Amino acid sequence: MAINPLVARIETGAAPRETLATLALEHRVIPADRRAFLHLAQRPETTPQAADFFEFLAAGETMAGERLIAFADACGMSETRLTSYEPSPGCQSYPAYVAWPALNADPTDVVLALTSNFAEWGGYCATIAAAWREHHAFTEEACGFFDLFAEPRRNWGERPRRRYRRAA
């Protein structure tokens, strides 16, 4: 796994609670990703296997959004701040990365493009969740958002390639 400076600070306990709160706020882009995945699943040229994959991702985004609320609460964030926050422009790059291929790329190719970073992201999420438990005494519920993404990281390398071969 590559070294991400923020993840490294979180892992050592050096990231302040406000950094954690901002991280929660910046993940409010989940609905955009969910819509992109559902669009991919419904495109006429999407194979049934790829559609299942995109629907699985969309369902995961729904779960992530629900779990994000507990994380934000553990960071001491009010619901008003959570719902009124405007994500910074730099945090819009991933939703744009997902939206463009959802509209323009071959859905089967998108399966590989999206999964290319899932193992890395899952590793980051596992590290973050463990660090918050250790350094901030966050509960299982508070870490649930990151646990959700950390869980599948072991299989993301081969599973999408198998789906891609079947979908092609």
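Quick caveat: nothing in here was measured; it's all calculated off a predicted structure.
Ring centroid separation for the pair Trp121 and His27 comes in under the 6.0 Å cut-off.
Side chain of Thr115 to main chain of Val111: a donor-acceptor pair is present (N/O by atom type, distance under 3.5 Å, no hydrogens or angles). In this structure, the side chain of Thr46 does not engage the main chain of Gln42 through any donor-acceptor pair within 3.5 Å. For the pair Arg133 (side chain) and Phe138 (backbone), a donor-acceptor distance under 3.5 Å is absent. Proximity of a side-chain donor or acceptor of Glu45 to a complementary backbone N or O of Asp106 within less than 3.5 Å is not detected.
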Could you walk me through whether Glu55 and Phe37 satisfy the side-chain contact (heavy atoms from CB on, under 4.5 Å) test, starting with their C-alpha distance in whole Å, then the side-chain angles of each, then the deciding distance to 0.1 Å, before giving a yes or no? CA-CA 7 Å; Glu55 288 170 359; Phe37 297 146; over 6 Å; no
Yes or no on side-chain contact (heavy atoms from CB on, under 4.5 Å) for Phe71 and Phe146, after CA distance, side-chain angles and deciding distance? CA-CA 9 Å; Phe71 171 59; Phe146 293 95; 3.9 Å; yes
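In this structure, CG in Asn104 is found 12.5 Å from CG in Asp109, a value given to the nearest 0.5 Å. The structure places CG of Leu40 at 9.0 Å from CG of Leu57, a figure rounded to the nearest 0.5 Å. Remark: Cys75 SG to Trp132 CH2 distance equals 6.0 Å, nearest 0.5 Å. Note: Leu38 CG to Asp33 CG = 11.0 Å, rounded to the nearest 0.5 Å. In this structure, the separation between CD1 on Ile10 and NE2 on His135 is 10.0 Å, given to the nearest 0.5 Å. In this structure, Glu120 CD and Asn4 CG are separated by 8.5 Å, a value rounded to the nearest 0.5 Å.
Listed by first then second residue, pairs satisfying salt bridge (Lys or Arg N to Asp or Glu O under 4.0 Å) with a partner in residues 7-18 read Glu18-Arg81, not counting sequence neighbours.
Of all heavy-atom pairs between Ala36 and Ala102, the closest is O-CB, 3.7 Å. Residues Pro101 and Arg43 share a closest heavy-atom pair of O-NH1, 3.3 Å.
Linking Ile, Leu, Val, Met, Phe, Trp and Tyr residues whenever their side-chain heavy atoms come within less than 4.5 Å places Leu23 and Val7 in a single cluster. Residues Phe56 and Phe54 share a hydrophobic cluster, clusters being chains of Ile/Leu/Val/Met/Phe/Trp/Tyr side chains in contact below 4.5 Å. Linking ILVMFWY residues whenever their side-chain heavy atoms come closer than 4.5 Å, directly or via other members, leaves Ile69 and Ile30 in distinct clusters. Both Tyr94 and Val110 belong to a common hydrophobic cluster when Ile, Leu, Val, Met, Phe, Trp and Tyr are linked at side-chain heavy-atom distances under 4.5 angstrom. Follow the hydrophobic side-chain contacts under 4.5 Å out from Tyr124 and you reach Phe145 in the same cluster.
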